[in-house]
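To start, the structure under review is shown below, and the notes come after it.
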Amino acid sequence: MKSKKYSEVLLNQFKKKGFKAKNFDNIIESKIIIERSGELFKKSLLSFEDDDGKNFSLRPDLTISACLHYLKNIKRGEYKYTYFDQAYRRTFGKESLVRNQLGCEIIGSSSKLADKEIINLIDSSLSKLIKNKTVIKINDLKLFNSLVDSLKLPLRWKLRLKRHFWRPEYFKALLSRLETGSDLKKNIFELDKKAYLKMKKFNKNQKIAGRKITEILKRFQKKISEPRSNIDGKKISKIVKEYLKIDCKLKDAQQTLRNFEDKHNLNLKLGKFNLFKLDIKNKDVTFSTNTGRSVEYYTGLVFEIYKKSKNTNLASGGRYDNLMEILGAKRKIPAIGGAINYDNLLKI
Amino acid sequence: MKIQVLKIGIPSKGRLKDKSLSLFKKNKINIKSIKRSYISEIKNFKKNEVVFSHAREIIERLSDGLIDIGISGFDLLNESLPGIKKNIKIYKHLNFGFSELVVAIPKDWIDVQTIADLEEISFNFKNKNSGKLRIATKYPNLTNDFLTSKGVTQYKIVNSLGATEIYPFTNQSEIITDITSTGSTLKANKLRILKDGLILKSSACILLSKKSLRDKNKKLLLFKFLKKIK
């Protein structure tokens, strides 16, 4: 009963603000998801093959379902979705295969008004259900990219750190590698120089297992010419770790980051970020650089809402400006969304 | 009382079969000569049945308790799904069937030496060809666990049933993971193992069904038999 009441209250709140409740397809073609996440996510899919050998999966996530619905039916302009439905994932015995997902998405808008709307709407709707106050944690993942861009690192390392920011455990291992300098040793390449000189005489357009000779030679040259010995891995790792500990009130965030910039002689290009001017109704907002690192497709603003007294996560979300293209859009379609942590909400 | 029959699984072909039979012979466990049949029995032990099966099948039958004890590869046990693996106990690692599951790439990819390189070029595949780096393997689960733990996520598994080494040169995949004991087959097929590309070291193992171990009488019979194997 509680579940029904809560979902009705939340959906009504979202609908009042112009969000449309839609039913999404239960089954989606697996390759759409594999194109996005590779084999990593495939493990969690509940999949089956049809008579033609095509692989399908039960929908694993309703944000993806909303995006696919937009691509098929809406195609252009801003569209606001809300939903309360089931998503299905293999959990290897840890949790239920079926997850209730309640959320809202604004697809087709890059405006900071949309950012503000999603955060304020979810937060105020939750406030109608729980007596306790909520606290919001906020971050912009592009700030991390800006930090990495201003570090003295070879491009390959910059890309690596950005690519794996959303996987905290592996990211930690990457930083250790950076500290110990165990990544690239020049003598490794000496061994292949002979092969390199031989390959230079090959037909450059010839392909070896999908890669052109020119591509292989170019990357080899780039690797041996990069100034590896000039990397102060320990120093850089220390800066990154210090950055990831920044946790302050949103109103103090810009100054805190400026101090951080000055201390390490960096340029984070803070003027580019709207985050500091975001008009959030709830004044209990924390800026935390470590927030929003669990979902691969987030690209910018991310947020998490907690019940203040017990620090229970009630909702989370963020901007995913590249997902629509990965799912098949021919042009960039920015989007932002958020989901209620329904199980936690029911426990309160 | 129900008569207990000990069911023993032995690989049905190849070196694993030969070495398993040698192990039994060495321990004076005499299996009736079978010629073409896949079922036999041990002459000098209580009621029993010897089943010759594919090494992968032995793992599955141990899991569902249709076989009480079997010999199979550590690699195959680890490749099986968690729900199967949890029903099997490793009794002993044997001194044969040694092999390594490795990541192998075309030897002429001279710019790729480590998994970190592989991770980097896998993104190039994504960006350039709007596709994925394809990895042929008979071991998709072990390959997935290994690569994702090393940060490689942008790839697609191509399931292989055999002759995996030729996949990169017949446009069926770009790289492979495969079992090797000396590395000579990989080398002969112009492939090279990545410097940090060892996924798993394997050997043959004596495996027990946990379902059989839960049956008191079966357990007694099982350990009586195991005493014979030194």
Side-chain angles (χ1 to χ4, degrees), chain A residues 31 34-43 90 92-94 155-157 159-160 162-164 166-167 169-171 173-174 177 182-185 188-189 191-200 202 206-213 215-224 296 325-326 328, chain B residues 81-83 86 104-117 119-137 140-141 143-145 147-158 166-176 190-192 195-196:
Chain A
K31 89 172 180 200
I34 297 163
E35 284 308 318
R36 178 175 75 80
S37 290
E39 294 281 331
L40 182 65
F41 198 59
K42 191 182 171 189
K43 251 172 97 170
R90 283 175 71 183
F92 304 101
K94 285 175 197 154
L155 182 64
R156 59 185 325 110
W157 261 107
L159 294 173
R160 227 174 251 169
K162 287 180 190 177
R163 279 201 297 263
H164 294 289
W166 67 279
R167 305 175 66 208
E169 273 308 304
Y170 182 69
F171 187 84
L174 264 184
R177 250 166 63 197
S182 64
D183 184 44
L184 300 163
K185 291 192 174 80
I188 290 175
F189 303 110
L191 297 170
D192 288 305
K193 261 196 174 158
K194 224 170 146 186
Y196 167 71
L197 295 170
K198 204 173 141 194
M199 274 181 89
K200 273 179 98 172
F202 287 5
Q206 191 190 322
K207 276 189 178 178
I208 298 167
R211 301 179 72 214
K212 272 190 184 170
I213 299 253
E215 182 193 338
I216 296 169
L217 292 174
K218 206 171 145 190
R219 190 169 173 274
F220 183 86
Q221 276 166 331
K222 208 174 151 201
K223 267 176 77 172
I224 51 171
E296 185 185 4
E325 271 181 297
I326 296 167
Chain B
L81 292 170
K86 73 172 184 195
I105 60 160
K107 82 169 175 42
D108 286 334
W109 283 15
I110 55 169
D111 59 325
V112 181
Q113 299 289 348
T114 61
I115 297 289
D117 285 322
E119 187 265 341
E120 208 171 298
I121 66 151
S122 70
F123 272 85
N124 295 347
F125 270 87
K126 186 186 170 191
N127 297 336
K128 266 192 333 189
N129 308 343
S130 57
K132 289 265 188 286
L133 174 79
R134 293 169 302 165
I135 305 177
T137 186
N141 297 329
T143 302
N144 274 332
D145 290 346
L147 290 177
T148 52
S149 76
K150 301 278 178 189
V152 187
T153 57
Q154 299 303 314
Y155 62 91
K156 196 156 90 182
I157 292 283
V158 176
I166 64 159
Y167 274 55
F169 303 101
T170 49
N171 195 26
Q172 296 182 80
S173 78
E174 278 76 40
I175 68 166
I176 68 165
K190 296 184 177 175
L191 293 166
R192 168 166 54 84
K195 288 184 195 308
D196 50 356

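In what follows, chains carry the letters A, B, and so on, assigned in the order in which the sequence lines appear, proteins first and then strands, with residues in each chain numbered from 1. Any value given below was found using the heavy atoms of this structure, including those in side chains, with hydrogens, waters and symmetry copies removed.
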Mind checking the [atom1]-[atom2] spacing from [X] to [Y]? Nearest 0.5 Å is all I need.
X: A:Leu217; Y: B:Asp111; atom1: CG; atom2: CG; value: 8.5 Å
X: B:Thr153; Y: A:Tyr170; atom1: OG1; atom2: OH; value: 9.5 Å
X: A:Glu215; Y: B:Trp109; atom1: CD; atom2: CH2; value: 8.5 Å
X: A:Arg90; Y: B:Leu81; atom1: CZ; atom2: CG; value: 6.0 Å

Requested in this report: Count the heavy atoms of every other residue, nucleotide or ligand shown that sit under 6.0 Å from NZ of B:Lys190, and state whether that count exceeds 12.
Outcome: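 For B:Lys190, atom NZ is not crowded (no more than 12 foreign heavy atoms under 6.0 Å).
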**Report entry** Salt-bridge criterion met for B:Asp117 and A:Arg219 (N-O under 4.0 Å)
**Finding:**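 Judged by the 4.0 Å cut-off on N to carboxylate O distance, B:Asp117 and A:Arg219 do form a salt bridge.
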Where does [X] contact chain A at under 4.5 Å (heavy atoms): side chain, backbone, both or neither?
X: B:Asn171; answer: neither
X: B:Pro168; answer: both
X: B:Ser149; answer: backbone

Report task. Please identify each residue that fulfils side-chain hydrogen bond (donor to acceptor under 3.5 Å, both in side chains) with B:Asp196, with sequence neighbours left out. Result ->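 Listed in chain order: nothing, the list is empty.
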Requested in this report: Check side-chain hydrogen bond (donor to acceptor under 3.5 Å, both in side chains) between B:Gln172 and all other residues, then give those that pass, not counting sequence neighbours.
Outcome: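 Partners of B:Gln172 by the side-chain hydrogen bond (donor to acceptor under 3.5 Å, both in side chains) criterion, ordered by chain and then number, come out as B:Thr170.
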Report task. Could you check which of B:Lys156, B:Glu120, B:Arg134 has the highest count of heavy-atom pairs closer than 4.5 Å to chain A? Result ->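 Option with the greatest count: B:Glu120.
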Query raised in the report: Which heavy atom in B:Ala116 sits nearest to a heavy atom in A:Arg177, and how many Å separate them?
Result: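 Shortest heavy-atom separation between B:Ala116 and A:Arg177 comes out as CB-NH2, 3.1 Å.
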Query raised in the report: Do B:Asp108 and A:Met199 have side chains that get closer than 4.5 Å, going by heavy atoms?
Result: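 Counting from C-beta outward, B:Asp108 and A:Met199 do come under 4.5 Å.
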Query raised in the report: Are B:Val112 and A:Arg211 side-chain neighbours, meaning at least one heavy-atom pair lies under 4.5 Å?
Result: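 Yes. Closest side-chain heavy atoms under 4.5 Å.
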Query raised in the report: With distance as the sole test, does A:Arg163 use its side chain to make a donor-acceptor pair with the main-chain N or O of B:Gly151 at under 3.5 Å?
Result: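 Looks like no, no N/O pair under 3.5 Å.
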